[in-house]
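Contents: one structure, followed by commentary.
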Number of protein chains: 2
Amino acid sequence: MNQLRAQANGRPVSSGIPEATVARLPVYLRALTALGESGLRTVSSEQLATAAGVNSAKLRKDLSYLGSYGTRGVGYDVEYLRYQIAREIGVNQDWAVVIIGIGNLGQALSNYGGFRSRGFRIVALVDGDASRVGEMHGDLAIAHIDDLDQVVRERGCSIGVIATPGDAAQGVADRLVASGVTSILNFAPAVLTVPAGVDVRKVDLSIELQILAYHEQRKRPPLVQSEEVVES
Amino acid sequence: MNQLRAQANGRPVSSGIPEATVARLPVYLRALTALGESGLRTVSSEQLATAAGVNSAKLRKDLSYLGSYGTRGVGYDVEYLRYQIAREIGVNQDWAVVIIGIGNLGQALSNYGGFRSRGFRIVALVDGDASRVGEMHGDLAIAHIDDLDQVVRERGCSIGVIATPGDAAQGVADRLVASGVTSILNFAPAVLTVPAGVDVRKVDLSIELQILAYHEQRKRPPLVQSEEVVES
DNA sequence: TAGATTGTTAATCGATTAACAATC
DNA sequence: TAGATTGTTAATCGATTAACAATC
């Protein structure tokens, strides 16, 4: 079924965690942080699942990939489980992030305070417009895209965020890859092609709205819906 | 296997389209629009799949849920297929969108020009800060959250975008639902609880970065990784 | 007719879920 | 010991993929 290799300690190796589970770990982490701040010391899978918006069977299955961190009949120690998940995700250390494309969205991202507490530090802002080089946003001055290599090297960036228009995105991705970045978060409406070993995640606002529209259309059908089709 | 009901015309009814397929239709739509603008009249599943970043088997399977819009031995008429997909998604008409929370992100979203051409019109900006009511952003003045009902009704909003801090999000969602909105795009880092029949999609930037960090950690292991664990 | 390409089938894979034995 | 809750099993469900018959 699941070809989990096992370590000496009996825990499955990290790469054996299913993608769907990996995508939920940050949600559990956030819920545990909130529950911990509210003073809770111990939490059951039922409680934590509710806080995370999933069912408890899925939560327990997900946690079972990390190891056996609960106590039967009792539940999970909030702080201990929080620490284990944070370690598994890799956010006990800080990751240095470079943002490319300092338009409205790039600025909003650079100002967002929530990244810091979640393991990310924005260490560089880069843009293709030479006239904006040196412009300050908080502590950071905009650098030019031609200096990307140097910026990435000097500041140890391991994640690149693309917030350019769609037609610039592939070029930026190529430069990021050339400078050694192997993790990219893409906000530009474009399909990126990257070499094997480079991870790209995309956040596409129009696509999210279109998925909502698809379902909305079926909840409240438009007044006029033509089913006639002109054969091409 | 797949309990597709069929209409008189033999096409599966809309609600029979798998979610994974629905999520890709906007990607195909965008690729077709770009190919059409480049002058291409006909496209094969192989070409379109490449442009959309998927494999051709998946593309053909996805399109088969919509109907039989291709010609064997030839391919798909670009404009005809583009129209059919747009109709299926529901973006041949415009959807009115209200943004709640006009901070950095809310402003960036309200300024983004790409929504208009993709079937969405931002018709209202709403914030909880009374001192900002009336503030202009483009053509739109900020309204107060207490007037949400009226705004939604008068401007026919069918989609709400939440761009508030996390702790305000559930309250805003409750108000949106109360005012009749049944589709919500949530940018706040919070799990939303809504009644059945209301769709929520979430865009969570920290979560996306954490998923990247998980994989990055396994590509370049940190210099010091403690495996020792203090039992709680 | 020969070549090309769709639309569909069926096998495989991965994710979800309910149920419950293990065990605190 | 009795009650509670985890961790795991196994069934089910949904998504992906390769292969190819249908057909332009």
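Values reported hereafter were calculated over all heavy atoms of this structure, with side chains retained and with hydrogens, waters and symmetry mates removed. Order of the sequence lines fixes the chain letters, A, B, ..., with proteins taken first and strands second; residue numbering starts at 1 for each chain.
- When the side-chain nitrogen and oxygen atoms of B:Tyr76 are compared with OP1 and OP2 of C:dG7, one or more of them lie within a distance under 4.0 Å.
- With DNA chain C read from its 5' end, the first of the two nearest nucleotides for B:Arg60 and A:Thr21 is the one closest to B:Arg60.
- Pair assignment for D:dT12: C:dA15, on the basis of Watson-Crick or G-U wobble contacts that are both within less than 3.5 Å.
- Dashed line: the shortest gap from a side-chain N or O of B:Arg24 to OP1 or OP2 of D:dT16 is under 4.0 Å.
- Remark: P of D:dT8 and OH of A:Tyr65 are 11 Å apart, rounded to the nearest angstrom.
- The closest side-chain donor-acceptor pair between A:Ser56 and A:Glu46 falls under 3.5 angstrom.
- For A:Phe115 and A:Tyr112, the gap between ring centers is short of 6.0 Å.
- Straight-line distance from the CG atom of B:Leu81 to the P atom of C:dT6: 11 Å, rounded to whole Å.
- For the 3.5 Å distance criterion, the side chains of B:Asp199 and B:Ser183 fail to qualify, holding no donor opposite an acceptor.
- Between the CG atom of B:Leu66 and the P atom of C:dT6 there is a distance of 15 Å, rounded to whole Å.
- Side-chain proximity of A:Ala20 to D:dG7, C:dA15, D:dA15: nearest is C:dA15.
- In this structure, A:Thr71 does not reach the D:dT6 phosphate: none of its side-chain N or O atoms is under 4.0 Å from OP1 or OP2.
- Comparing A:Asp62 and B:Ser45 against DNA chain C, the residue whose closest nucleotide sits nearer the 5' end is B:Ser45.
- The CD atom of A:Glu19 sits 14 Å away from the P atom of D:dT16 (whole-angstrom rounding).
- When the options A:Leu148, A:Leu176, A:Ile122, A:Val98 are evaluated for a side chain to side chain contact (heavy atoms under 4.5 Å, CB included) with A:Cys157, the one that passes is A:Val98.
- Between the P atom of D:dT17 and the NZ atom of B:Lys58 lies a distance of 5 Å, rounded to the nearest Å.
- Rounded to a whole Å, the CD atom of A:Gln84 is 12 Å from the P atom of D:dG7.
- Counting atom types as modelled, B:Arg72 pairs no side-chain N or O with a base atom of D:dT23 as donor and acceptor under 3.5 Å.
- A:Asn55 has its CG atom 9 Å from the P atom of C:dT16, to the nearest Å.
- Distance OH (A:Tyr28) to P (D:dT6): 13 Å, rounded to an integer number of Å.
- With a cut-off of 3.5 Å on both pairing distances, the Watson-Crick or G-U wobble partner of D:dC20 is C:dG7.
- For the pair A:Arg218 and A:Tyr214, the cation-pi test (distance below 6.0 Å, angle within 45°) is passed.
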